[in-house]
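Accompanying notes for the structure given below.
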Amino acid sequence: MKKIIILLLIGSAFSCKNMQSVASKDNSDPSKYIKSIKEKDLKEILYVIASDEMEGRETGSKGQKKAGLYMIEQYKKNGISFPKGATDFYQHIPASFLNARRNENLPDSENIWAYIEGSEKPDEVLVISAHYDHVGIKNGEVYNGADDDGSGTVAVIEMAKAFAKAKKNGHGPKRSILFLHVTGEEHGLHGSRFYSENPLFPIANTIADINIDMIGRRDVEHANTNNYVYVIGADRLSTDLHNIVVAQNEKYTKVDLDFKFNDPKDPNHFYERSDHYNFAKFGIPAVFFFNGVHEDYHGKGDEPEKIEYDALTNRTKLAFVVAWDLANRENRPVVDKK
């Protein structure tokens, strides 16, 4: 009888330990991982992405492909792989797709994707997107696109590194995250359109898109401060998503959230002009972070030395804490608007 009791106690202890190992992780506080997003790291990567060596990253160009290889190196260096179900870091897009709407003689190109699988709800996927193409070389001048959208590109890479660090420490995201660098944005949002029409993961399982396009500078409306960001689209489909952005910012980053361009009557129509829109069209809640247009927009002066790296860092941290909440909250954001 004594032996039986001892065996039962051992079995019970093992069962409790096993239950604890599969219990939900407490991912309520991202503070430690916010700190891993550093200004110097963003700057170092951006100076490469937006260098003359990348030849302005025109869609499908040699320079864009070279930038893509460098980006993939960053993911590999941090132990982040390509998505489950893919064979490599590329989603290949044929020239026929890129030129179907208006023939600009674009060559084949590719989206670049990386992935961290969720620990508890791996089939639900958060997409974090930014376009990595720019406008190439004009009249012998390289248009480096440091802000447009080198800033968003490096932000996504740094966010992925922070999530990878959390996972290494046992606090990986509960939902899966797809880090999606899209091509062809400058020619008509082609890369995000291709992904949304040919998704690796079902659209129905995609809980939200966080899109980052130009977060490294300031516009004339904010001449006296860079502690702001335009928030566009968060409330168009989901009250939950809007509330998450506001709450996470208030709790962790305290950036001034400017909703000026979120007005459906805004004549600039920025909501329809970046890659989140191709997710929103399919009913996926999406938020677009943006610093507004400045004097070097689509100009040869959009260089990495003009980036305000403190602003880039704070805005990246804001996007990160929003992503952290979305990846770890109990329920996905409800779509309560059309």
Side-chain angles (χ1 to χ4, degrees), residues 33-52 54 56-57 67 70-71 74 128-135 142-162 181 185-186 210-232 245 248-250 252-262 268 270 273-276 287-323:
Y33 306 106
I34 298 170
K35 294 175 183 176
S36 70
I37 295 172
K38 294 183 171 62
E39 184 174 320
K40 66 178 181 61
D41 296 334
L42 289 159
K43 185 174 185 178
E44 180 182 341
I45 299 172
L46 184 53
Y47 262 84
V48 177
I49 294 290
S51 66
D52 285 353
M54 305 307 177
R57 307 188 309 278
Y70 174 77
M71 292 154 55
Q74 301 308 303
I128 304 175
S129 61
H131 72 91
Y132 74 109
D133 64 311
H134 193 51
V135 299
V142 181
Y143 285 55
N144 282 317
D147 194 26
D148 186 12
D149 186 28
S151 61
T153 299
V154 299
V156 172
I157 293 170
E158 282 301 299
M159 290 168 66
K161 287 165 61 177
H181 300 272
E185 190 271 353
E186 300 287 9
I210 298 172
N211 186 50
I212 309 171
D213 191 351
M214 297 176 59
I215 59 165
R217 297 275 294 268
R218 72 177 79 182
D219 65 3
V220 295
E221 300 293 329
H222 299 85
N224 297 320
T225 181
N226 63 19
N227 188 42
Y228 77 94
V229 71
Y230 290 109
V231 179
I232 303 172
V245 172
Q248 292 298 95
N249 178 62
E250 179 61 30
Y252 295 109
T253 47
K254 301 189 185 304
V255 175
D256 180 21
L257 304 182
D258 193 325
F259 296 95
K260 174 182 176 180
F261 295 133
N262 192 48
N268 296 285
F270 287 124
R273 287 172 54 185
S274 193
D275 293 295
H276 60 282
V287 59
F288 169 27
F289 293 118
F290 176 52
N291 56 216
V293 174
H294 47 73
E295 62 184 1
D296 293 316
Y297 174 67
H298 278 195
K300 61 184 180 182
D302 187 4
E303 295 285 352
E305 59 265 25
K306 292 185 180 180
I307 296 295
E308 299 184 51
Y309 288 94
D310 57 340
L312 172 57
T313 304
N314 289 337
R315 293 162 181 162
T316 301
K317 289 178 176 180
L318 168 60
F320 174 75
V321 294
V322 172

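The model shown is predicted, which means the values in this text are computed figures rather than measured ones. Computed over heavy atoms, backbone and side chain alike; hydrogens, waters and symmetry mates excluded.
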Inset, instruction - Flag this pair as yes if the NZ/CZ of Arg315 is under 6.0 angstrom from the six-membered ring centre of Tyr228 and inside a 45 degree cone about the axis; otherwise no. - result: yes
Inset, instruction - Measure the spacing between CD1 of Ile215 and OG1 of Thr316 and express it to the nearest 0.5 Å. - result: 4.0 Å
Legend entry - Side-chain ion pair, Lys40 and Glu44, N-O less than 4.0 Å: no
Inset, instruction - Grab the two heavy atoms, one from Lys35 and one from Lys38, that are nearest each other, plus how far apart they are. - result: O-NZ, 3.5 Å
Inset, instruction - Please answer whether the main-chain N or O of Phe270 pairs with a side-chain N or O of Asn268 as donor and acceptor at a distance below 3.5 Å. - result: no
Inset, instruction - Give the intermediate values and the outcome of side chain to side chain contact (heavy atoms under 4.5 Å, CB included) for residues Met71 and Thr153. - result: CA-CA 9 Å; Met71 292 154 55; Thr153 299; 3.9 Å; yes
Inset, instruction - Determine yes or no for a side-chain-to-main-chain donor-acceptor pair under 3.5 angstrom, with Asp302 supplying the side chain and Asp147 the backbone. - result: yes
Legend entry - From Gln74 atom CD to Ile45 atom CD1, the distance as rounded to the nearest 0.5 Å: 4.5 Å
Inset, instruction - Check whether any side-chain N or O of Tyr132 sits under 3.5 Å from a backbone N or O of Val154 as a donor-acceptor pair, and report yes or no. - result: no
Inset, instruction - To the nearest 0.5 Å, tell me how far Ser274 OG sits from His131 NE2. - result: 5.5 Å
Inset, instruction - Please tell me if the side chains of Met159 and Ile128 come closer than 4.5 Å, counting only heavy atoms from C-beta onward. - result: yes
Inset, instruction - Identify whether the distance between the nearest side-chain nitrogen and carboxylate oxygen of Glu303 and Lys306 falls below 4.0 Å. - result: no
Inset, instruction - Indicate yes or no for a side-chain donor-acceptor contact from Asn144 to the backbone of Ala146 under 3.5 Å, with no hydrogens or angles considered. - result: no
Legend entry - Ile210 and Val322, any side-chain heavy atoms less than 4.5 Å apart: yes
Legend entry - Residues Tyr230, His222; criterion ring-ring contact (aromatic ring centres under 6.0 Å, His included); working and verdict: CA-CA 11 Å; Tyr230 290 109; His222 299 85; 5.4 Å; yes
Legend entry - Any donor-acceptor pair under 3.5 Å from Arg57 side chain to Ala67 backbone: no
Legend entry - Gap separating the CG atom of Asp41 from the OH atom of Tyr309, nearest 0.5 angstrom: 12.5 Å
Legend entry - Nearest-0.5 Å distance that lies between atom OG1 in Thr225 and atom CG in Asp256: 7.5 Å
Legend entry - Shortest non-hydrogen separation from Glu305 to Tyr47 and the atoms involved: CA-OH, 3.2 Å
Inset, instruction - Run the salt-bridge test on Arg273 and Asp213 with the 4.0 Å N-O cut-off and return the result as yes or no. - result: no
Inset, instruction - Output yes when Arg218 and Glu308 qualify as a salt bridge under the 4.0 Å nitrogen-oxygen rule, no when they do not. - result: yes
Legend entry - Ile37 vs Leu42, side chain to side chain contact (heavy atoms under 4.5 Å, CB included): CA-CA, chis, key distance, verdict: CA-CA 8 Å; Ile37 295 172; Leu42 289 159; 4.3 Å; yes
Legend entry - Euclidean distance, Leu312 CG relative to Ile212 CD1, rounded to 0.5 Å: 9.5 Å
Inset, instruction - Locate the shortest heavy-atom distance separating Val245 from Leu318; write the atom from each residue and the value. - result: O-CD1, 4.4 Å
Legend entry - Shortest non-hydrogen contact between Ile49 and Gly150, atoms and distance: CG2-CA, 4.3 Å
Legend entry - Single hit among Asp296, Asn291, Asp148 for side-chain hydrogen bond (donor to acceptor under 3.5 Å, both in side chains) with Arg217: Asp296
Legend entry - Minimal non-hydrogen separation, His298 against Tyr143, with atom names: O-CE2, 3.5 Å
Inset, instruction - Could you check if a side-chain atom of Met214 sits within less than 4.5 angstrom of a side-chain atom of Tyr297, using non-hydrogen atoms only? - result: yes
Legend entry - Partner of Val255 under side chain to side chain contact (heavy atoms under 4.5 Å, CB included), chosen from Val231, Val229, Asn226: Val229
Inset, instruction - Go through the side-chain N and O atoms of Glu185 and His134 and say whether any donor and acceptor fall under 3.5 Å apart. - result: no
Inset, instruction - Please examine the side chains of Val48 and Met54, heavy atoms only from C-beta on, and report whether any two atoms are closer than 4.5 Å. - result: yes
Inset, instruction - Can you see which heavy atom on Phe320 is nearest to which on Ile34, and at what distance? - result: CE2-N, 3.9 Å
